[in-house]
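Read through the structure below, which is laid out as structure tokens, and then see the notes.
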There are 2 protein chains.
Amino acid sequence: MGYSRAVRSYGQYCSVAKALDIIGDRWTLLIVRELLVQGPCRYTDLRNGLPGVASNLLSSRLKEMEASGLVVKQNAPAPVATTLFSLSERGRDLEPVLTAIGTWGLPMMTSPKSDDVFRSQWFTFVVTNYLHDRLEHEPALDIELRATSDAVHIHVEHGSVVLCRGSAEDPTLTLSGEPSLMMGLLTNQLSLDDARALGLDISGDTNALKRITAGDDEAD
Amino acid sequence: MGYSRAVRSYGQYCSVAKALDIIGDRWTLLIVRELLVQGPCRYTDLRNGLPGVASNLLSSRLKEMEASGLVVKQNAPAPVATTLFSLSERGRDLEPVLTAIGTWGLPMMTSPKSDDVFRSQWFTFVVTNYLHDRLEHEPALDIELRATSDAVHIHVEHGSVVLCRGSAEDPTLTLSGEPSLMMGLLTNQLSLDDARALGLDISGDTNALKRITAGDDEAD
DNA sequence: CGGCATCCTCTTTGATACTG
DNA sequence: CAGTATCAAAGAGGATGCCG
């Protein structure tokens with residue numbers, strides 16, 4: 001029957017420890033990540049965005065996160081008729097934490113390729129934190145990324161750079177291949193030639209990349 | 001004899017997941033916190049700054065953190081003859097992560113007072129992230145904080161605000177009492193009168209506080 | 001003492017299977 | 001689809017022992 005966990009705490013009067021009492025459990029921050037990049041999710045969407053999580057663990061984490069005020073569970077009304085999980089404001093406030101952690105983790109993304117699984121929505125982190133439109137007055141463009149069966153595209157327009165699901169209608173540039181090669185390209189750790197040599201398929205106008213990545217001439 | 005842990009990984013090609021593979025284990029980030037606020041530590045200093053940690057767990061975490069490049073272990077040479085643990089550069093790079101987490105945790109520090117334990121070096125977080133010297137050209141001053149048997153003091157001078165161990169020689173202001181009241185005062189969530197009413201002992205020139213806390217007239 | 005290693009118990013997790 | 005149920009394995013916590 002129902003039970004409730006005794007909320008393990010570090011028992012320290014320190015804001016870091018207090019925060020970790022809430023977000024320090026395994027999988028918790030990755031659930032926040034998924035809700036940040038996907039927006040409100042069904043249980044199955046979450047499970048899909050969190051490969052490796054055990055179903056019972058996801059279920060109990062969501063309950064704990066609801067209890068601690070990170071997550072709001074909505075019984076979707078008439079049309080969808082399914083429950084949706086989304087972040088509360090307090091949960092969204094964790095974005096700077098995810099950004100800091102993700103930034104620290106970036107150097108570990110360069111290794112050739114392990115057998116890690118990948119989901120295309122995870123490009124969101126790099127896109128929102130590392131890319132910006134350097135040519136605001138140029139026409140909009142799209143860069144399609146095909147790393148998994150689910151294509152996504154980077155939409156660049158009026159100074160904003162965002163990741164969108166699905167294929168682009170008329171992409172200026174299309175990249176297909178290993179996610180690590182795209183990641184290297186987007187974070188400027190890999191040159192176009194090197195990425196191509198390592199097997200990335202690049203077709204279209206490569207100036208689109210220069211428009212959004214941090215160039216060597218960044219002097220700001 | 002020697003063994004080695006199978007390094008549990010999320011197995012996801014995502015910089016947040018990769019980072020959490022390294023820093024996501026219980027106690028790891030708190031060990032980083034202690035090494036950040038205390039600097040190079042002996043094993044016993046660490047254990048003292050981490051009330052609640054099991055000795056064997058601290059020991060094995062330190063080994064893992066050494067293996068993953070966060071911590072450097074130095075066999076102190078002749079005089080001290082003890083081993084010192086300190087952060088590598090990669091470990092120090094975690095400071096923005098600690099800051100983001102600690103900032104998120106701040107709202108949870110206001111609760112009256114639980115039976116959490118406290119160490120005076122933990123004031124460092126608030127001091128370095130939330131206080132600044134608004135009157136750079138005024139003479140230096142010290143604010144002594146007596147929350148535990150180990151007094152500390154905030155040293156303000158030439159635009160810098162730092163936390164120092166021990167008593168001040170000639171403090172401009174001295175606060176004694178519950179850490180939560182001092183914390184509320186420093187983060188501007190509690191007025192001087194309220195803090196006094198709640199039992200904080202305040203003696204000296206309270207203008208010293210106004211010099212370093214964010215005032216209501218912040219319009220920057 | 002400082003710096004662990006061992007032993008033991010309890011909780012958390014991971015993998016898989018099953019149900020309304 | 002949205003979870004529960006079950007069970008084995010791993011990790012956490014606490015006490016104590018060892019060794020320079």
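Every chain is numbered from 1 and lettered A, B, ... according to where its sequence line falls, protein lines coming before strand lines.
A salt bridge does not link B:Arg26 with A:Asp25: every distance from a Lys NZ or Arg NE/NH1/NH2 to an Asp or Glu carboxylate oxygen is 4.0 Å or more. A salt bridge is defined here as a Lys NZ or Arg NE, NH1 or NH2 lying under 4.0 Å from an Asp or Glu carboxylate O, and A:Arg61 with A:Glu64 meets this definition.
With sequence neighbours excluded, the residues that form a salt bridge (charged side-chain N to carboxylate O under 4.0 Å, His left out) with B:Glu144 are B:Arg146. Residues meeting the side-chain contact (heavy atoms from CB on, under 4.5 Å) test with A:Val126, sequence neighbours left out: A:Tyr130, A:Met183, A:Thr187.
Distance check: B:Ser15 OG to B:Leu20 CG gives 9.5 Å after rounding to the nearest 0.5 Å.
Side-chain nitrogen and oxygen atoms of A:Thr83 include at least one within less than 4.0 Å of the OP1 or OP2 phosphate oxygen of D:dG3.
Sorted by first and then second residue, the side-chain hydrogen bond (donor to acceptor under 3.5 Å, both in side chains) pairs involving residues 194-203 of chain A (not counting sequence neighbours) are A:Ser191-A:Asp194. Listed by first then second residue, pairs satisfying side-chain hydrogen bond (donor to acceptor under 3.5 Å, both in side chains) with a partner in residues 154-163 of chain A read A:Asp142-A:His155, A:His155-A:Glu157, not counting sequence neighbours.
What separates CD1 of A:Ile31 from P of C:dT13 is a distance of 11 Å, to the nearest Å. One interatomic measurement links the two molecules: CG of A:Leu50 to P of C:dT13, which rounds to 14 Å at whole-angstrom precision. Summarising the geometry, the separation between NZ on B:Lys73 and C1' on C:dG2 is reported as 12 Å, rounded to the nearest angstrom. Between the P atom of C:dC4 and the CG atom of B:Leu58 lies a distance of 9 Å, rounded to the nearest Å. Rounded to whole angstrom, the span from the CG atom of B:Leu84 across to the C1' atom of C:dG2 amounts to 12 Å. The nearest whole Å value for the distance from the CD atom in A:Glu66 to the P atom in D:dG3 is 10 Å. The CD atom of B:Glu64 sits 15 Å away from the P atom of D:dA10 (whole-angstrom rounding). Atom CG of A:Asn48 is separated from atom C1' of D:dC1 by 13 Å (rounded to the nearest Å).
The side chain of A:Lys63 lies closest to D:dT4, out of D:dG3, D:dT4, C:dA5.
If you check residues 33-46 of chain B against DNA chain C, the residues with a heavy atom closer than 4.0 Å are B:Arg42, B:Tyr43, B:Thr44, listed by number.
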Protein-nucleotides 14-20 of chain C N/O pairs under 3.5 Å:
{"unit_1": "C:dG14", "atom_1": "OP1", "unit_2": "A:Arg26", "atom_2": "NE", "d": "3.3"}
{"unit_1": "C:dG14", "atom_1": "OP1", "unit_2": "B:Arg8", "atom_2": "NH1", "d": "3.0"}
{"unit_1": "C:dG14", "atom_1": "OP2", "unit_2": "A:Arg26", "atom_2": "NE", "d": "2.7"}
{"unit_1": "C:dG14", "atom_1": "OP2", "unit_2": "A:Arg26", "atom_2": "NH2", "d": "3.3"}
{"unit_1": "C:dG14", "atom_1": "OP2", "unit_2": "A:Trp27", "atom_2": "NE1", "d": "3.2"}
{"unit_1": "C:dA15", "atom_1": "N6", "unit_2": "A:Asn56", "atom_2": "ND2", "d": "2.6"}

| Worked verdict on B:Arg119 versus B:Asp150 for salt bridge (charged side-chain N to carboxylate O under 4.0 Å, His left out) | CA-CA 8 Å; B:Arg119 294 291 183 266; B:Asp150 297 315; over 6 Å; no
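Between A:Phe118 and A:Phe123, the ring planes lie perpendicular to each other; the angle is over 60°, past the 30° to 60° tilted range.
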